[in-house]
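See below for the structure under consideration.
We're numbering straight along the sequence, starting at 1. Values in this document were obtained by computation on a predicted structure and should not be read as measured data.
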Amino acid sequence: MTTQPEVTFIGTATTVLRIGGFTLLTDPNFLHRGQRAYLGKGLWSRRRTDPALRIAQLPSLDAVVLSHLHGDHFDRVARRELDRELPIVTTPAAERKLRRWGFRAAEGLPTWNSRELRRDGETLRLTSMPGKHGPGALDRLLPDVMGTMIDLERDGARQFRLYVTGDTLNRPMLAHIPERYPDIDAMLIHLGGTRIAGILLTMDARQGADLAELVRPKLTVPIHYDDYPVFRSPLGHFVAEARRRGFAGSVRTIARGETAPLTPSGLSSPPASSA
């Protein structure tokens, strides 16, 4: 059993999370450099990086946490190679499509609803958080998206709380998250400032910094920032914004293939030039 929560960064929004006795995979994107991800409505984007691991190299998994069904979050490799009996916690709309593809354990959670995993006196609670992928009416043309709050409890007492933002913009609805879930230990924040036809679809540096100040996690780990050309806001922009606002000391940057603790011990300010 892992003694402290940790994350392995595979690329895009794909991570392996080890929390207590549980292992989760987030947003499986295993396309390689040069391969195209389908973003819907006839739009494609060609990957610029390689994933740090292949699906065959993953540890034994308890579940997949899927923020939404876009080709850079659940790709054709994941559809072909993931175990179809593996629980996938996602949006109700994504559940319907995944079940048609044969993933019989997919479960769609309406906002604020939870799924629990239990083992050896521990409970891992996965709760759907609000999210909005696009501005205004454009959001209706994009897949439903959710964030996930992950709470580890042992013998009824909470041990750790992680917020995974999903591909959301920073919108007023997110203010309900710290109201309902104070004392967030760590946040995996999807950045990148994705723009298509000039329209912002994921948080850029400014929006990401705004959310970090709203949620106030003890630790912020940026992901989803440089793997595709539609990502227009580099990691260094977020780090510089965090430094300007005075919270860079709670930001931990992580390279593809790296495993890092999700606790702030030993944390030092990242360089402003991180990219």
Side-chain angles (χ1 to χ4, degrees), residues 2-7 13 15 17-22 24 26-27 63 65 67 89-91 109-118 121-132 145-191 202-203 205-224 238-239 241-254 260-267 269-270:
T2 302
T3 57
Q4 64 176 342
E6 63 181 28
V7 57
T15 69
L17 300 173
R18 298 174 182 86
I19 301 174
F22 303 92
L24 306 176
T26 67
D27 292 276
V65 175
S67 65
V89 178
T90 188
T91 67
L109 295 180
T111 304
W112 309 122
N113 285 34
S114 300
R115 161 75 185 269
E116 293 184 348
L117 307 174
R118 294 186 176 89
E122 292 186 329
T123 299
L124 196 70
R125 183 176 299 109
L126 312 175
T127 305
S128 173
M129 296 291 105
K132 194 172 181 67
V145 66
M146 73 177 203
T148 307
M149 195 68 69
I150 303 174
D151 282 307
L152 175 68
E153 295 180 357
R154 186 175 297 118
D155 299 324
R158 182 167 62 83
Q159 305 295 311
F160 178 75
R161 172 170 285 165
L162 170 68
Y163 171 37
V164 184
T165 68
D167 270 17
T168 184
L169 296 172
N170 186 18
R171 288 293 180 259
M173 67 176 69
L174 300 191
H176 296 297
I177 294 173
E179 293 171 0
R180 289 176 177 243
Y181 292 86
D183 303 322
I184 293 174
D185 294 295
M187 174 170 69
L188 285 184
I189 186 168
H190 292 205
L191 294 172
T202 64
M203 288 181 286
R206 180 184 58 80
Q207 285 204 9
D210 288 344
L211 183 63
E213 291 184 328
L214 174 71
V215 173
R216 300 181 66 84
K218 296 180 181 70
L219 176 70
T220 296
V221 180
I223 57 176
H224 190 274
F238 175 75
V239 171
E241 186 70 12
R243 190 178 299 279
R244 185 181 71 80
R245 299 192 192 196
F247 68 87
S250 64
V251 174
R252 173 175 286 137
T253 59
I254 180 172
L262 285 168
T263 52
S265 58
L267 194 61
S269 297

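Under the 4.5 Å side-chain criterion, counting only non-hydrogen atoms from C-beta, I150 is in contact with L124. Looking at heavy atoms from C-beta onward, L211 lies out of side-chain contact with Q207 at the 4.5 angstrom threshold. L109 places none of its side-chain heavy atoms less than 4.5 Å from the side chain of S114. A heavy-atom distance below 4.5 Å is not found between the side chains of I19 and E122. In this structure, I184 and M149 have side chains that are in contact, with non-hydrogen atoms separated by less than 4.5 Å. In this structure, the side chains of I254 and V7 come closer than 4.5 Å at one or more pairs of heavy atoms. Residues L262 and L17 have side chains in contact (heavy-atom distance under 4.5 Å, counting atoms from C-beta outward). Between H190 and S67, the closest side-chain pair of non-hydrogen atoms falls below 4.5 Å.
Between R206 atom CZ and R245 atom CZ the span is 8.0 Å, to the nearest 0.5 Å. Atom CD of E241 is separated from atom CD of E213 by 8.0 Å, given to the nearest 0.5 angstrom. Distance check: R115 CZ to T148 OG1 gives 13.0 Å after rounding to the nearest 0.5 Å. One distance of note links CD of Q4 with CD of Q159; it measures 13.5 Å at 0.5 Å rounding.
Here the side chain of T220 pairs no donor or acceptor atom with the backbone of V251 at under 3.5 angstrom.
Residue L219 comes nearest to R252 through the heavy atom pair CD2-NH1, 3.4 Å, listed as atom of the first residue, atom of the second, then distance. Considering every non-hydrogen atom in both A13 and D27, the closest pair reads O-CB, 3.6 Å. What you find for A209 and F238 is that their closest heavy atoms are N-CE1, 3.6 Å. The two residues T168 and K132 make their nearest non-hydrogen contact at OG1-N, 2.8 Å. The two residues K218 and S250 come nearest to each other via the heavy atoms O-CB, 3.5 Å. Scanning both residues, L117 and A63, for their nearest heavy atoms gives CD1-CB, 4.2 Å.
When each of R161, R158, R216 is paired with D185, the salt bridge (Lys or Arg N to Asp or Glu O under 4.0 Å) condition holds for R158 and for no other. Exactly one residue among V164, L24, D151 makes a side chain to side chain contact (heavy atoms under 4.5 Å, CB included) with L126. That residue is L24. Screening T165, T15, D167, I189 against H224 for a side chain to side chain contact (heavy atoms under 4.5 Å, CB included) leaves a single residue, D167.
Between W112 and Y181, the ring planes are parallel. Angles under 30° get that label, and only those over 60° would be called perpendicular.
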